[in-house]
Amino acid sequence: TESKYRRHGESLKTRSTELGSAVTGSSLTTALPASFFSTVRRSIVLSSESRKELAKQAEVTKEERRAQIDGRHRYLISRLADGIDLSEQQVEEIIISDDKFQLIEQFFAPSGLKKLLFFYQDVLQQKSNASLRPDGSTNNLPQKKLFITMGSTEDFTGTCAFFLRTSDEVITASNVSQEVNFGMFDCTDGNILQGLEFFLSQIMIPALKSQQNWGAVKEGLKNSQIQEFLYAVDKFVSTLSSSRQNIEDKIQLTKVDIDVYVRNLQNPSDYITAG
């Protein structure tokens, strides 16, 4: 039995030595078939060709969209450029490159989208020549980016530029300035409540209180319903400000030293009396 195990061990040792020699003594090129490297080279070529084809298609799409730019688009572009401090050429290039460009056309259509949103904020972007870290991750850097959004899929951490329709009429180059309102909402560092408070208190409420034409309400600001509405908005902003301060720990409760009160409690009746 002992010699049997010895022979079995020697056999395993011999196989292990042979396997090690095959791995260490032979190059990877001779170990793998030539067809493997041919397939890898073909994949690299195809991948490179695919990227070139995608880039070509993207450029064609951009030029088709550029050809669609008219007075309506120019109005949006000029408002965005003024509000975000970018050139009109930069904004145009960004818009025609955006994969949500069709939302602009849906906004212009009769009975179309009621709002059109743009976010301008830091977005993590991978550098084209970035190398992988030891853990497999890449070095992403935050960079300001303007993009079209529905407002429900991306986190809002910067500036929101918005366009609102005032009717269901088709938006044309001649009526875009009357049918579309533009505004901006700042949420720097993700402080949405502070941005909303500033927007309402510094922009909307002063605009409402200075408004003369209230449509069918002929009395304007003298109308009791209008006054109640403005009072409700003022009250909402005040509540919003208070809530924001509470969240930011601006209001802190004073700590009470209870040792003074419980030090002399000796029996259950003392606790009942204290309660």
Side-chain angles (χ1 to χ4, degrees), residues 46-130 138-188 190 192 195 199:
L46 289 176
S47 178
S48 178
E49 291 178 351
S50 298
R51 287 197 297 269
K52 291 180 180 178
E53 183 62 27
L54 289 174
K56 184 179 179 181
Q57 292 177 2
E59 191 62 30
V60 170
T61 300
K62 283 175 58 177
E63 294 308 315
E64 289 177 349
R65 291 172 175 176
R66 197 188 305 276
Q68 300 175 25
I69 299 293
D70 57 25
R72 302 170 302 172
H73 301 82
R74 293 293 175 198
Y75 177 81
L76 304 186
I77 291 172
S78 64
R79 299 282 80 76
L80 288 170
D82 291 340
I84 298 178
D85 196 24
L86 294 173
S87 70
E88 293 190 10
Q89 291 77 12
Q90 287 176 307
V91 175
E92 177 181 328
E93 197 67 23
I94 290 169
I95 286 178
I96 63 175
S97 303
D98 199 299
D99 58 1
K100 293 186 177 68
F101 179 84
Q102 74 279 0
L103 293 180
I104 298 178
E105 303 306 314
Q106 295 176 20
F107 179 73
F108 289 151
S111 301
L113 295 176
K114 300 302 181 184
K115 66 180 184 299
L116 182 64
L117 304 179
F118 292 81
F119 283 177
Y120 183 58
Q121 60 192 25
D122 285 332
V123 175
L124 291 179
Q125 297 196 1
Q126 180 180 336
K127 302 175 76 173
S128 58
N129 59 349
T138 56
N139 186 20
N140 293 334
L141 299 176
Q143 187 175 1
K144 284 283 188 181
K145 182 181 179 182
L146 174 67
F147 57 94
I148 305 171
T149 177
M150 292 295 293
S152 56
T153 55
E154 298 89 359
D155 292 335
F156 177 36
T157 59
T159 300
C160 173
F162 58 86
F163 296 91
L164 304 177
R165 295 174 59 119
T166 59
S167 71
D168 289 331
E169 293 184 18
V170 60
I171 305 299
T172 65
S174 59
N175 70 4
V176 62
S177 59
Q178 289 80 37
E179 296 293 335
V180 175
N181 292 327
F182 172 71
M184 296 187 65
F185 180 80
D186 184 50
C187 179
T188 305
I192 296 178
F199 178 73

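Small disclaimer: the values here were computed from a predicted structure and weren't measured.
You'll find the ring centres of Phe156 and Phe185 inside the 6.0 Å limit.
Remark: Gln143 pairs with no residue by the side chain to side chain donor-acceptor pair (under 3.5 Å) rule, at least two apart or across chains. In this structure Lys114 satisfies the salt bridge (charged side-chain N to carboxylate O under 4.0 Å, His left out) test together with Asp168, sequence neighbours excluded. Evaluation of the salt bridge (charged side-chain N to carboxylate O under 4.0 Å, His left out) rule for Glu154 yields Lys100 as partners, not counting sequence neighbours. Residues forming a salt bridge (charged side-chain N to carboxylate O under 4.0 Å, His left out) with Glu64 (at least two apart in sequence, or on another chain): none. By the salt bridge (charged side-chain N to carboxylate O under 4.0 Å, His left out) test, Asp122 is found to be paired with no residue, residues two or more places apart in sequence or in another chain being considered.
The backbone N or O of Thr172 lies less than 3.5 Å from no partner atom in the side chain of Asp70, so there is not a single donor-acceptor pair. Proximity of a side-chain donor or acceptor of Gln121 to a complementary backbone N or O of Asp155 within less than 3.5 Å is detected. Side chain of Arg65 to backbone of Asp98: a donor-acceptor contact under 3.5 angstrom is found.
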*Stepwise side chain to side chain contact (heavy atoms under 4.5 Å, CB included) test for Thr157 and Cys187*: CA-CA 6 Å; Thr157 59; Cys187 179; 5.9 Å; no
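The structure places CZ of Phe162 at 13.0 Å from CZ of Phe118, a figure rounded to the nearest 0.5 Å. With rounding to the nearest 0.5 angstrom, the CZ atom of Arg72 is 6.0 Å from the CD atom of Glu105.
For residues 74-87, the set of pairs meeting the salt bridge (charged side-chain N to carboxylate O under 4.0 Å, His left out) definition, not counting sequence neighbours, comprises Arg74-Glu92, Arg79-Asp82.
Side-chain atoms of Val176 and Glu179, non-hydrogen and from C-beta on, never get closer than 4.5 Å to each other.
Taking the ring axis of Tyr120 as reference, the NZ or CZ atom of Lys145 does not stay both within 45° of it and closer than 6.0 Å to the ring centre.
Ion pairing between Glu63 and Arg66 holds under the 4.0 Å rule for side-chain N and carboxylate O.
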